[in-house]
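Note sheet for the following structure.
Position 1 is the first residue of the sequence, and the numbers go up from there. Indexing begins at 1, ligand by ligand and atom by atom, following the structure's order.
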Amino acid sequence: MSVYAINHPLVQHKLGLLREADLSTKSFRELAGEVAKLLTYEATKGLELEDHEIQGWNNEPIATRRLKGKKVTVVPILRAGLGMLEGVTDLIPSARVSVVGLYRDEETLQPVPYFAKFANDIEERMALVIDPMLATGGSMVATLDMLRERGCEHMKVIVLVAAPEGIKRVQDAYPDVEIYTASVDDRLDENGYIVPGLGDAGDKIFGTR
Ligand SMILES: O=P(O)(O)OC[C@H]1O[C@H](OP(=O)(O)OP(=O)(O)O)[C@H](O)[C@@H]1O
Ligand SMILES: O=c1cc[nH]c(=O)[nH]1
Ligand SMILES: [Mg+2]
């Protein structure tokens, strides 16, 4: 089972702040970006390197290493995934951004697609899919389906908070996909919200509460 719940003290401290009921939009946005950045650090620890020789300060060659292969594509799921994007691209500034627009129908809890634009050569890139909330997992699996249909083989998921139901759904469909999260929470409530969770992450990030 490849779920990585990151217990780093900074992640746990910031997650605790994010869970405060009356946090301002500004603080929620800042913290979501900061936790996304720390989770990205963990999620990228297995990236492949290649040897690369450079000219050093005194004109002597230095053997260094650099990231190998095509640049990563980051895939925010609209809207709420945008709240994590800057945190991720702070660490991977040359990443290509692919965007998937989905909203979850409030009655059926099914994902409804409304936009998709992928980086070119997606089949050669590692995709880091970002969304604050993994609840039923419907939105995440729909996004992974879109990427896999386009030939993307190497995908990882970064979410701020995950419900056990969503983790199971992703793992059943994509056992090879690693999930990085600040917390595996207890359960979903009767409306499909994660408990204890963060509430409606999209509304909090966009100030549309
Ligand atoms: O795992 P699921 O049950 O599919 O639920 C999770 C999805 O719900 C939220 O998005 P929402 O539909 O609220 O859209 P928004 O980001 O535009 O607010 C969240 O950001 C995920 O994308
Ligand atoms: O808890 C949840 C579940 C879905 N979407 C959210 O924003 N929060
Ligand atoms: Mg929402």
Compute the shortest N/O to N/O distance between [X] and ligand 1 and return yes if it is under 3.5 Å, no if not.
X    : answer
R79  : yes
L134 : no
Y114 : no
G202 : no
D203 : no
G137 : yes

Does even one non-hydrogen atom of [X] get within less than 4.0 Å of ligand 1?
X    : answer
M133 : yes
G192 : no
L109 : no

Over 12 foreign heavy atoms within 6.0 Å of [atom1], [X]:
X    : atom1 : answer
Q55  : CD    : yes
E106 : CD    : no
E107 : CD    : no

Task: Electrostatic pair D200:K204 at N-O distance under 4.0 angstrom - done: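 So D200 does not pair with K204 through a salt bridge.
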Task: Electrostatic pair K71:D121 at N-O distance under 4.0 angstrom - done: no
Task: Test item: side-chain donor near acceptor, R125 and S98, under 3.5 Å - done: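 No donor-acceptor contact under 3.5 Å links the two side chains.
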- [ ] Answer yes if the side chains of R19 and S183 hold a donor-acceptor pair under 3.5 Å, and no otherwise.
- [x]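 Present: a donor and an acceptor within the cut-off.
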- [ ] Report yes or no: does a heavy atom of A80 sit under 4.0 Å from some atom of ligand 2?
- [x] no
Open item on the list: Looking at ligand 2, would R104 count as a contact under a 4.0 Å heavy-atom criterion?
Closed with: yes
By number and element, which atoms of ligand 1 are closer than 4.0 Å to a non-hydrogen atom of [X]?
X    : answer
R104 : 2 (P), 3 (O), 4 (O), 5 (O), 12 (O)
A80  : 16 (O), 20 (O)
S139 : 2 (P), 4 (O), 7 (C), 22 (O)
L78  : 16 (O)
T136 : 1 (O), 2 (P), 3 (O), 4 (O)

Open item on the list: With a heavy-atom distance limit of 4.0 Å, tell me whether D131 approaches ligand 1 through its side chain, its backbone, both, or neither.
Closed with: side chain
- [ ] Run down the list P196, G202, A201 and name the one with the heavy atom closest to atom 7 (O) of ligand 2.
- [x]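 The residue whose heavy atom sits nearest atom 7 (O) of ligand 2 is A201.
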Atoms of ligand 2, numbered as shown, that sit under 4.0 Å from any heavy atom of [X]:
X    : value
G199 : 1 (O), 2 (C), 6 (C), 7 (O), 8 (N)
I194 : 1 (O), 2 (C)
G192 : 3 (C)

If we ignore hydrogens and angles and just use 3.5 Å, is the side chain of [X] paired with the main-chain N or O of [Y] as donor and acceptor?
X   : Y    : answer
N58 : E60  : yes
R79 : I205 : no
T73 : R96  : yes

Task: Qualifying residues under ring-ring contact (aromatic ring centres under 6.0 Å, His included), relative to Y180, sequence neighbours excluded - done: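 By the ring-ring contact (aromatic ring centres under 6.0 Å, His included) rule, Y180 matches Y4.
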Open item on the list: If you measure every N or O of M133 against every N or O of ligand 2, does any of those distances drop under 3.5 Å?
Closed with: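 By distance alone, the answer is no.
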Open item on the list: With ring-ring contact (aromatic ring centres under 6.0 Å, His included) as the rule and sequence neighbours excluded, what pairs involving residues 93-129 come up?
Closed with: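 Passing the test, one end in residues 93-129: no pairs.
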TODO: Please tell me if the side chains of V161 and L134 come closer than 4.5 Å, counting only heavy atoms from C-beta onward.
DONE: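 Sidechains of L134 and V161: no contact.
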